[in-house]
Number of protein chains: 2
Amino acid sequence: MPAAPLPTIHEVARLAGVSVATVSKTLNRSGKVSELLQARVNAAARKLGYAPHASARSLRSGATRILGLLVADLANPYFLRLVESIERLSSAAGYSVILCNSAEDPEREERHLAMLLSQRADGVIIIPTRRGWSGRQAALADLPMPGILVDRRIEGLELDSVTTDNVALGRLAAEHLDDLGHRRIAVIMGSPEHQIARHRLDGLRSGLASRGTTLDERLIEKDNFSEAAGHAAAMRLLRHAQRPTAIFATNNHLSLGLLRAIAERGLSIPDDLSVIAVDEPPWAGLVRPGMTIVTQPSEAIAQTTVSTLLSRVSEGRSGVEGEARSIQLQPALVVRGSTAAIRT
Amino acid sequence: MPAAPLPTIHEVARLAGVSVATVSKTLNRSGKVSELLQARVNAAARKLGYAPHASARSLRSGATRILGLLVADLANPYFLRLVESIERLSSAAGYSVILCNSAEDPEREERHLAMLLSQRADGVIIIPTRRGWSGRQAALADLPMPGILVDRRIEGLELDSVTTDNVALGRLAAEHLDDLGHRRIAVIMGSPEHQIARHRLDGLRSGLASRGTTLDERLIEKDNFSEAAGHAAAMRLLRHAQRPTAIFATNNHLSLGLLRAIAERGLSIPDDLSVIAVDEPPWAGLVRPGMTIVTQPSEAIAQTTVSTLLSRVSEGRSGVEGEARSIQLQPALVVRGSTAAIRT
DNA sequence: CTGTTAGCGCCTTCAA
DNA sequence: TTGAAGGCGCTAACAG
């Protein structure tokens with residue numbers, strides 16, 4: 001039994017016997033209003049179920065208190081965790097979030113961005129799709145409101161960004177595996193076109209190199225980032241004449257494919273081989289005796305993102321002031337049972 | 001280098017040498033405008049990077065083309081799939097989605113709903129938190145815009161809803177397990193306070209009863225819906241003097257806990273026991289040789305939800321017309337390897 | 001302290 | 001076919 005249209009400030013004013021300005025001042029705690037009138041206004045507002053009309057307020061004030069959140073791929077548990085944290089933090093700061101899932105489709109990203117411009121979001125948080133669309137670079141550089149990139153940077157684009165130090169991430173994996181004595185180490189890296197994948201590989205390679213080990217280039221599996229690709233790559237590695245003693249999967253989808261392949265082949269972790277993955281997906285608990293992972297600090301990334309963006313928002317209508325900030329946060333190694341010392 | 005504030009319709013009009021009315025008519029394809037002026041207007045709009053101001057348009061037109069999506073728990077993969085589908089369908093229909101995650105916290109739900117009222121969302125899609133807040137019933141009954149419940153209904157509330165037929169879901173599990181000869185069947189059901197849990201249990205019980213089997217009440221594990229609770233319940237069942245031959249976990253979090261417990265105990269599926277779960281979480285592929293599940297038709301639910309809501313939106317400003325529609329969709333059994341015939 | 005008033009940008013009559 | 005003008009609900013300046 002949905003009801004009549006919502007009351008306006010005028011009706012509240014009439015019921016309270018005051019002017020609209022008094023209502024506005026009372027509800028926004030701006031300007032001075034006597035206790036008596038405040039009480040009358042609040043009572044009237046409650047009685048009528050008054051809710052200020054956000055569009056009218058925005059039109060007048062120039063701020064929407066809306067943030068746009070453009071996510072490359074909601075199905076990735078890591079991004080989902082970022083979304084959860086960002087939504088919570090934004091909401092706590094008084095901002096609503098318009099969620100847009102690009103699903104790695106550049107066209108959807110472009111349409112969504114145009115919509116966020118129309119909505120006059122006060123700021124936009126972008127996890128960009130891997131492939132861009134024509135004009136994306138310029139569109140993001142000329143954003144009429146503050147914007148910030150998360151997780152993925154776009155080469156050559158001057159825009160605030162918060163990312164993981166992915167070279168360090170690869171190095172952490174390298175050092176851990178080297179400590180355990182592994183020499184035949186394989187990587188399922190996804191696409192080499194992608195900067196993050198390259199950085200993680202570089203970190204692994206240089207980490208091993210600094211310990212005197214050379215990464216066998218034939219054990220580097222390159223393809224896309226899908227679970228199916230991870231599964232196929234893992235199958236190839238597991239059938240290898242000299243099977244690797246450890247496999248590093250550089251992303252959630254890939255590691256899921258890897259684990260599925262290992263299960264299908266009936267191999268046992270870590271007896272038959274060690275596995276190290278990135279992030280902490282919900283299913284990490286299914287791997288006995290626990291998944292060794294390199295985690296990205298998702299909560300810290302979300303906090304840094306929201307606070308950086310909101311500070312830009314309050315700095316002024318545009319983010320022109322100062323250079324673009326590129327913030328890198330450090331990953332951490334979490335050792336569990338899926339990696340073990342190699343038998344000699 | 002974010003740029004100047006966005007141009008208004010006036011600046012487009014001035015550049016094109018026409019009036020604002022002509023610009024509006026051109027861009028909205030309403031009214032008649034000569035080809036010549038249309039071209040000039042479009043050129044001017046493109047040149048200036050004009051994007052209509054959504055707040056101004058909403059204020060004038062009374063419609064925001066925004067849908068509110070209030071989700072009880074984003075961390076549940078089933079809800080996440082619904083969110084993905086709903087976002088995609090809404091976006092395709094020209095609506096933006098404000099995402100709100102309640103995280104099963106009634107207070108957050110209440111705050112979010114108030115915000116959606118202020119935003120004057122054209123419609124709201126609600127997966128309600130299990131616990132309500134004082135006044136929720138009334139607030140939802142008196143919603144000033146069309147609203148629709150998804151997955152969970154609220155007892156006594158007259159509002160459109162789209163849910164799974166959970167009794168049928170329980171019955172499907174029952175019939176499958178009975179076909180395989182199972183008699184000692186356990187259930188990890190979550191909280192009996194929750195209607196869905198009760199319906200699924202009822203379905204299981206009646207399904208078994210109709211085959212002449214009585215469900216052993218001591219094998220019904222009741223607690224909350226967390227992974228930890230599922231794990232604890234599973235541990236109790238697995239240590240049972242007479243271990244059940246099959247376990248039915250009625251929700252994603254619970255089944256994850258169950259699988260973890262089985263892995264920890266070193267038991268093998270389906271040799272040591274059969275497992276049947278609900279929904280298709282991303283990690284279903286990790287269970288060899290495949291998880292037998294009862295799936296909820298998430299895509300169909302999303303489609304029905306969005307189309308029902310949007311039809312209410314276009315019916316008129318309120319959803320008063322007609323009775324509340326309660327739509328139930330049917331679950332389906334997907335047989336894989338985690339369930340097997342009992343050895344006799 | 002309180003009230004009156006002028007727009008914010010847009011769409012939609014209504015006149016020309 | 002085109003343009004001029006009013007007003008959606010709200011806030012901020014200003015007047016009393």
Side-chain angles (χ1 to χ4, degrees), chain A residues 4-42 44-45 48-66 115 117-122 144-145 317, chain B residues 4-42 44-45 48-66 115 117-122 144-145 317:
Chain A
L6 288 170
T8 75
I9 200 173
H10 287 98
E11 326 197 29
V12 177
R14 195 150 44 77
L15 181 59
V18 299
S19 75
V20 293
T22 303
V23 176
S24 176
K25 282 172 194 152
T26 302
L27 298 179
N28 298 307
R29 292 147 182 55
S30 62
K32 301 276 142 207
V33 180
S34 69
E35 302 268 326
L36 174 66
L37 290 194
Q38 287 200 31
R40 282 197 354 227
V41 167
N42 286 325
L48 294 176
Y50 173 73
H53 194 305
S55 294
R57 174 179 288 181
S58 304
L59 185 57
R60 176 66 233 233
S61 70
T64 54
R65 298 198 79 81
I66 284 179
M115 181 275 287
L117 289 196
S118 259
Q119 293 290 348
R120 301 294 194 273
D122 287 342
M145 70 283 274
R317 50 195 323 94
Chain B
L6 288 169
T8 74
I9 200 172
H10 287 99
E11 327 197 28
V12 178
R14 195 150 43 78
L15 181 60
V18 299
S19 75
V20 294
T22 303
V23 175
S24 175
K25 283 172 191 151
T26 302
L27 297 179
N28 297 308
R29 295 149 180 54
S30 62
K32 302 275 142 206
V33 179
S34 68
E35 303 268 326
L36 174 66
L37 290 194
Q38 286 199 31
R40 294 223 312 256
V41 167
N42 287 325
L48 294 176
Y50 173 74
H53 194 305
S55 294
R57 175 178 287 181
S58 304
L59 186 57
R60 174 65 230 226
S61 70
T64 53
R65 298 199 78 82
I66 285 178
M115 182 273 289
L117 289 196
S118 260
Q119 293 291 348
R120 299 296 194 272
D122 287 342
M145 70 281 274
R317 51 195 321 93

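In what follows, every chain begins at residue 1, and chains take the letters A, B, ... in the order their sequences are listed.
Rounded to whole Å, the distance from CZ on B:R57 to P on C:dC11 is 5 Å. In this structure, the NE2 atom of B:H53 is 12 Å from the P atom of C:dC11, given to the nearest Å. At whole-Å resolution of the value, NZ in A:K32 and P in D:dC14 are 20 Å apart. Following rounding to the nearest Å, B:R14 (CZ) and D:dG3 (P) show an atom-to-atom distance of 15 Å. Protein atom CG of B:L27 is 11 Å distant from nucleotide atom C1' of C:dC10, rounded to whole Å. A straight line from CZ of B:R40 to P of D:dG3 spans 9 Å, rounded to a whole angstrom. Computed from coordinates, the B:H10 NE2 to C:dC11 P distance equals 11 Å when rounded to whole Å. In this structure, CG of B:L36 is placed 12 Å from C1' of D:dT1, rounded to the nearest angstrom.
Taking 4.0 angstrom as the limit, B:S19 places a side-chain polar atom (N or O) nearer than this to OP1 or OP2 of D:dG3. Regarding contacts with the backbone of C:dC11, a side-chain N or O of B:S24 is found under 4.0 angstrom from either OP1 or OP2. Put simply, A:T22 has no side-chain N or O that comes within less than 4.0 Å of OP1 or OP2 on C:dT2.
Between B:S61 and B:L37, the one whose closest nucleotide on DNA chain D sits nearer the 5' end is B:L37.
Using a 4.5 Å heavy-atom threshold, the side chains of B:V33 and B:V41 count as separate. Side-chain contact between A:P52 and A:L27 is absent, with no heavy-atom pair separated by less than 4.5 Å.
When distances are taken from the side chain of A:V33 to each of C:dT2, D:dG3, C:dT4, the shortest belongs to C:dT2. Relative to the side chain of B:S34, the nucleotides D:dG9, C:dC11, D:dT2 differ in distance, and D:dT2 lies closest. Side-chain atoms of A:K25 lie closest to D:dA13 of the nucleotides C:dC10, D:dT2, D:dA13. You'll find that the side chain of A:R60 is closest to C:dG7, out of C:dT2, C:dG7, C:dC10.
Considering every non-hydrogen atom in both A:A51 and B:R120, the closest pair reads O-NH2, 2.9 Å. Nearest heavy atom pair, residue B:S58 against residue A:S55, reads CB-OG, 3.5 Å.
The backbone N or O of A:A63 lies less than 3.5 Å from no partner atom in the side chain of A:D122, so there is not a single donor-acceptor pair.
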